[in-house]
There are 2 protein chains.
Amino acid sequence: MSNLNLPEAALSRLTVYQRALVELSDSGIKTVSSRELAEISGSNESKVRKDLSYLGSYGTRGVGYETERLIKEIGVVLGGSQPKPAVLVGIGNLGRALSQYEGFQVSGFPIVGLVDIDPDVVGETINGLTVKNLDQLEELVFQTSAVLGIVTTPAIAAQEVVDCLVEAGIRSILNFAPVVVDVVDEVEVRRVDLATEFQILGYYDHLRKFD
Amino acid sequence: MSNLNLPEAALSRLTVYQRALVELSDSGIKTVSSRELAEISGSNESKVRKDLSYLGSYGTRGVGYETERLIKEIGVVLGGSQPKPAVLVGIGNLGRALSQYEGFQVSGFPIVGLVDIDPDVVGETINGLTVKNLDQLEELVFQTSAVLGIVTTPAIAAQEVVDCLVEAGIRSILNFAPVVVDVVDEVEVRRVDLATEFQILGYYDHLRKFD
DNA sequence: TCGTGTGAATCACTTCACAGCT
DNA sequence: AGCTGTGAAGTGATTCACACGA
């Protein structure tokens with residue numbers, strides 16, 4: 001089913017278009033042109049048209065795209081819009097913040113389990129969830145049907161935690177630890193590297209002084 | 001000075017190499033080959049050599065690269081290794097977490113100011129910093145010599161906050177709000193989009209079911 | 001006439017392959 | 001013999017430009 005070959009770059013823009021489309025739709029706007037959609041998504045019109053063409057031909061020449069229709073079609077491609085529950089491992093500052101961030105719930109990725117190894121933290125209740133120990137991970141994943149893992153541990157612990165997640169059957173992992181982890185090919189790991197983002201900004205800031 | 005044309009993709013990998021090199025150096029390792037460095041950074045040897053070649057020719061044929069030397073050279077390119085202080089706007093869950101995250105301090109991006117608009121939050125002290133009101137931003141930037149801005153507000157407030165940051169003289173912004181903001185060309189904005197990361201994972205998870 | 005859909009052209013990044021230094 | 005440095009080839013993404021339908 002839907003075996004379109006969506007380039008990674010287009011994929012990440014589609015999620016941005018979708019959010020923009022939901023906003024448009026909520027304010028009663030029925031159709032939108034590639035130029036308008038580009039404008040509010042920080043893209044450009046060719047890219048928008050090319051990206052949307054991967055989904056099929058859902059636009060009308062001379063008119064534009066129906067917002068409702070596009071939202072539905074993008075939703076189908078992005079994973080059928082069934083919610084995908086996530087477990088979060090590593091209850092430090094960042095872990096606590098993410099576990100309370102409503103945005104994930106709203107986007108269809110509810111956090112349904114919390115895990116740590118620190119005995120001082122295990123047993124604590126955050127946002128209605130009790131923090132479990134790492135050795136209860138497999139059971140937790142089974143009980144909650146979680147399919148996503150979020151790693152917010154220190155760098156040193158990340159590889160072990162990822163191994164446990166994979167062992168427990170998780171195949172999609174978002175890694176906030178500033179380290180590259182090894183996994184088998186069937187597992188998809190995405191890294192969010194805050195220190196790198198800062199350094200890139202720092203680089204451009206530095207460059208600006210020599211123009 | 002140093003007007004090399006570093007591709008964006010190489011730039012982000014250099015930050016990863018540097019962290020790996022610091023670890024190697026700390027454990028007493030003096031030289032490293034492109035293959036070894038690739039292994040621990042999740043890259044490959046051609047990419048490592050090409051990336052490092054943008055800095056100049058600091059390797060020794062038949063031997064590899066001196067860890068200390070590379071750390072220094074990457075540091076120079078990434079912005080002279082002077083610390084770049086940052087102000088953070090938006091003291092919600094994520095803002096609180098980031099303001100306590102030691103990683104930034106360590107990487108040379110200390111958070112030196114906190115800002116919000118909620119009167120209940122303004123005046124609060126977090127990690128030794130008192131939260132200021134948005135209208136004190138310009139003064140805060142002036143007093144602290146901040147050069148980076150971090151936006152952790154809700155989407156709806158992000159554009160206004162970014163305008164204030166730019167007004168206050170900030171030219172490099174890291175935006176965690178799930179919205180694309182408009183800025184003049186001289187300002188660099190990088191977006192960290194957590195919802196998009198989840199959706200991309202969700203897409204691959206979905207795909208796996210139809211192989 | 002307006003805006004989509006798409007081949008073709010361009011640009012950017014990656015990988016290959018090997019000459020040359022140690 | 002081993003490993004770097006780098007042109008050249010290959011791959012993938014972006015932009016262009018225009019035919020076509022509403």
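Each chain gets a letter, A, B and so on, in the order its sequence line appears, and its residues count up from 1.
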Between B/Arg191 and B/Glu197, does any side-chain N to carboxylate O distance fall below 4.0 Å? no
Without decimals, in angstroms, what is the distance between A/Asp51 CG and D/dA13 C1'? 10 Å
Note: chain A reaches DNA chain C at heavy-atom distances under 4.0 Å over the stretch, first to last nt, 5' to 3', of C/dC2 to C/dA8
When you check every protein heavy atom under 4.0 Å of nucleotides 2-8 of chain D, what one-letter string (B, S, -) results, 5' to 3'? BBBBBBB
If we ignore angles and hydrogens, is there a donor and acceptor under 3.5 Å between the side chains of A/Glu73 and A/Tyr58? yes
Side-chain donor-acceptor pair under 3.5 Å between B/Glu8 and A/Tyr204, yes or no? yes
note: A/Leu11, atom CG; D/dT14, atom C1'; distance rounded to Å ~ 17 Å
Is A/Arg49 paired with A/Glu45 through a side-chain N to carboxylate O contact shorter than 4.0 Å? yes
Please check if any side-chain donor atom of B/Thr31 sits under 3.5 Å from a side-chain acceptor atom of B/Glu66, or the reverse. no
Taking side chain as C-beta onward, heavy atoms only, is A/Asn93 less than 4.5 Å from B/Arg96? no
Measure from CG on A/Leu6 to P on D/dG12 and round the result to the nearest Å. 14 Å
For A/Asp185, enumerate each residue passing the side chain to side chain donor-acceptor pair (under 3.5 Å) test, keeping only those at least two apart in sequence or located in another chain. none
Round to the nearest Å and state the distance from A/Glu8 atom CD to D/dG12 atom C1'. 12 Å
State, with a plain yes or no, whether a side-chain heavy atom of A/Phe104 is found less than 4.5 Å away from one of A/Val106. no
